[in-house]
Amino acid sequence: MGWKNQTTISEFLLLGLFEGSEHQQLFFWLFLFMYLVTVIGNLLIIMAVVSNTQLHTPMYFFLANLSFADINFISTTVPKMLVNIQIQNNSISYSNCLTQLYFFIMFGTVDEFLLATMAYDRYVAICHPLHYAIVMSPQLCFLLISITWVVNVLHSLLHTLLMNELVFCAKNEIPHFFCDLNPLLKLSCSNTFINELMILTVGGLAGLTPFFCVIISYVYIVLAILRIPSAKGKQKAFSTCSSHLSVVSLFFGTVFGVYYSPSSNHSAYSDTIASVMYTVVTPMLNPFIYTLRNRDMKAALGRLF
């Protein structure tokens, strides 16, 4: 059945970050700047990894995939918001809304899986350095990336198809700057129990599995670092993980706050602010976090320019 046959409305209204704000143009230029920085920064990482054979290692292979996912992740939401601000028209068609929802969920969960994969890569590098080349073989890296994309394509499709089964009657104002699960569920005039159950179970499994992989990896990493006799060696080992750990904390912290806390605790304002953190801020910071303290990446960017 077609999307429009499932609903009595044909479009939604995205109210943006702050409804009726006098500073819409300020938000436009701010988010345009953040979007361009994110796209350019992540493209440079991909180009540096592809063009430099010294970076053809598992760590940079996963980093290039993360940059690709981040570009698509932010491009799913921010360009539409910028267009809406400029043309002063906040409408989005029902089919486009579900399309945006599909790609938003897909690239968001791909980010989670890639962060978990990168944590496992750091675990092998620090805890089993002599076996790193054997364990992190090209076959395993390709398998991990394939699982990441296939699982999350299906995971996103599940939530989108379930959303398509809901009925939306009259109210069509979404207090958000993109079509997200929670705001759409609140607008539906049909029973959303199955949708919320799938968010907590399947969505929870998709989010908690990579999260626990990160936690377990870092438990072993910390134990291995504590066994290093020299203080300089410990500091060097911690520095290789600090960037990844800061991104993981920011990303998973805000995601769990939005999707895995009780719906009674949600407010449009708090959800919007948290969403900005992991949809815009984190993808923008990733190129800086992963390159400024990485000599190989800085050298590769220098040669690229």
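All residue numbers in this chain count up from 1 along the given sequence.
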| query | With a 4.5 Å heavy-atom cut-off, do Asp111 and Tyr278 have their side chains touching? | reply | no

| field | Verify same cluster id: Phe28, Val37 (apolar side-chain graph, 4.5 Å) | value | yes

| message | Run Met34 and Val281 through side-chain contact (heavy atoms from CB on, under 4.5 Å) and show every step you take. | response | CA-CA 8 Å; Met34 297 170 73; Val281 176; 4.0 Å; yes

| query | Are Leu223 and Val214 in one and the same hydrophobic cluster, where Ile, Leu, Val, Met, Phe, Trp and Tyr link if side-chain heavy atoms are under 4.5 Å apart? | reply | yes

| Does anything in residues 104-140 pair up under disulfide bond (SG atoms under 2.5 Å apart), and if so which pairs, sequence neighbours excluded? | none

| query | In terms of the angle between their ring planes, are Phe107 and Phe103 parallel, tilted or perpendicular, with boundaries placed at 30° and 60°? | reply | parallel

| field | Test ring-ring contact (aromatic ring centres under 6.0 Å, His included) applied to Tyr218 - qualifying residues, sequence neighbours left out | value | His244

| task | Evaluate the side-chain proximity of Leu285 to Val247: yes if any heavy-atom separation is below 4.5 Å, no if none is. | result | no

| remark: For residues 41-103, the disulfide bond (SG atoms under 2.5 Å apart) pairs (sequence neighbours left out) are Cys97-Cys179

| query | Roughly how far, to the nearest 0.5 Å, is the CZ atom of Phe251 from the CD atom of Glu112? | reply | 5.0 Å

| request: Without swapping roles, check the side chain of Thr192 against the backbone of Asn195 for a donor-acceptor pair under 3.5 Å. | output: no

| said: Quick check for you: to the nearest 0.5 Å, what is the distance between Asn191 atom CG and Glu165 atom CD? | reply: 13.0 Å

| task | Apply side-chain contact (heavy atoms from CB on, under 4.5 Å) to the pair Leu181 and Leu101, showing each step before the final yes or no. | result | CA-CA 7 Å; Leu181 282 171; Leu101 176 68; 4.0 Å; yes

| message | Using 0.5 Å steps for rounding, measure from the CZ atom of Phe177 to the NZ atom of Lys80. | response | 14.0 Å

| note | Here the pair of heavy atoms bringing Gly203 nearest to His155 is CA-NE2, 3.5 Å

| request: Mind listing the closest non-hydrogen atom pair of Ile45 and Pro287 along with its distance? | output: CD1-CA, 3.5 Å

| field | Residues that Thr209 engages under side chain to side chain donor-acceptor pair (under 3.5 Å), provided they are two or more places apart | value | none

| Close side-chain approach of Asn172 and Tyr94, heavy atoms under 4.5 Å | no

| query | Taking atom CG of Asn164 and atom CG of Leu98, what is their separation to the nearest 0.5 Å? | reply | 6.0 Å

| field | Which atom of Ile145 lies closest to which atom of Leu114, heavy atoms considered | value | CD1-CD2, 3.5 Å

| said: Are Leu144 and Leu154 connected into the same hydrophobic cluster when the rule is that any two of I, L, V, M, F, W, Y join if their side-chain heavy atoms are below 4.5 Å apart? | reply: no

| field | Least distance between heavy atoms, His159 atom then Met198 atom | value | CE1-O, 3.6 Å

| query | Crowded around Met47 CE? As in, over 12 foreign heavy atoms under 6.0 Å? | reply | no

| note | For Tyr220, the side chain to side chain donor-acceptor pair (under 3.5 Å) test, sequence neighbours excluded, returns none

| task | Could you tell me whether the side chain of Asn90 and the main chain of Leu13 form a donor-acceptor pair under 3.5 Å? | result | no

| task | Measure across Ala69 and Val110 and return the closest heavy-atom pair with its distance rounded to 0.1 Å. | result | CB-CG1, 3.8 Å

| message | Once side chain to side chain donor-acceptor pair (under 3.5 Å) is applied, do any residues pair with Asn42, and if so which ones, sequence neighbours excluded? | response | Ser67

| Selection residues 26-40 - residue pairs positive for side chain to side chain donor-acceptor pair (under 3.5 Å), sequence neighbours left out | Tyr35-Ser75

| Close side-chain approach of Lys186 and Ile174, heavy atoms under 4.5 Å | no

| note | Across all chains, not counting sequence neighbours, the ring-ring contact (aromatic ring centres under 6.0 Å, His included) partners of Phe73 are Phe104

| said: I'd like to know if the side chain of Asp180 reaches the main chain of Asn182, judged simply by a donor and an acceptor atom lying under 3.5 Å from each other, with no hydrogens or angles considered. | reply: no

| Check: Ser156 side chain, Tyr102 main-chain N or O, donor-acceptor pair, under 3.5 Å | yes

| From Cys141 atom SG to Asn65 atom CG, the distance as rounded to the nearest 0.5 Å | 10.0 Å

| said: Grouping I, L, V, M, F, W and Y whenever their side-chain heavy atoms are under 4.5 Å apart, do Val83 and Phe12 come out in a common cluster? | reply: no

| task | Any pair with a residue in residues 49-64 that passes side chain to side chain donor-acceptor pair (under 3.5 Å), sequence neighbours left out, goes on the list, sorted by first then second residue, please. | result | Tyr60-Asn294

| message | Using the rule that Ile, Leu, Val, Met, Phe, Trp and Tyr join whenever any side-chain heavy atoms are under 4.5 Å apart, tell me whether Leu197 and Leu185 fall into a single cluster. | response | no

| task | Kindly indicate whether the side chain of Asn96, heavy atoms from C-beta on, has any atom under 4.5 Å from the side chain of Glu11. | result | no

| note | By side chain to side chain donor-acceptor pair (under 3.5 Å), Asn152 pairs with (sequence neighbours left out) Thr109

| field | Thr76 side chain vs Gln100 backbone, donor-acceptor pair below 3.5 Å | value | no

| message | To check you understand the geometry: which heavy-atom pair defines the closest contact between Ala116 and Cys213, and what is its length? | response | CB-CB, 4.1 Å

| request: Would you please test Ile71 and Ile46 for side-chain contact (heavy atoms from CB on, under 4.5 Å) and show each step? | output: CA-CA 11 Å; Ile71 291 173; Ile46 295 173; 4.1 Å; yes

| remark: Distance col, row Ile105:CD1 vs Thr160:OG1, nearest 0.5 angstrom, shows 5.0 Å

| request: Verify, without hydrogens or angle tests, whether Ser188 (side chain) and Phe168 (backbone) share a donor-acceptor contact under 3.5 angstrom. | output: no

| Got a sec, which pairs hit side chain to side chain donor-acceptor pair (under 3.5 Å) with one end in residues 127-136, sequence neighbours left out? | Asp121-Tyr132, Tyr123-His128

| Set of disulfide bond (SG atoms under 2.5 Å apart) partners for Cys189, sequence neighbours left out | Cys169

| query | Hey, does Ser146 have a side-chain heavy atom less than 4.5 Å from the side chain of Phe142? | reply | yes

| Please walk me through it: do Tyr120 and Ile216 pass side-chain contact (heavy atoms from CB on, under 4.5 Å)? | CA-CA 9 Å; Tyr120 176 72; Ile216 294 171; over 6 Å; no

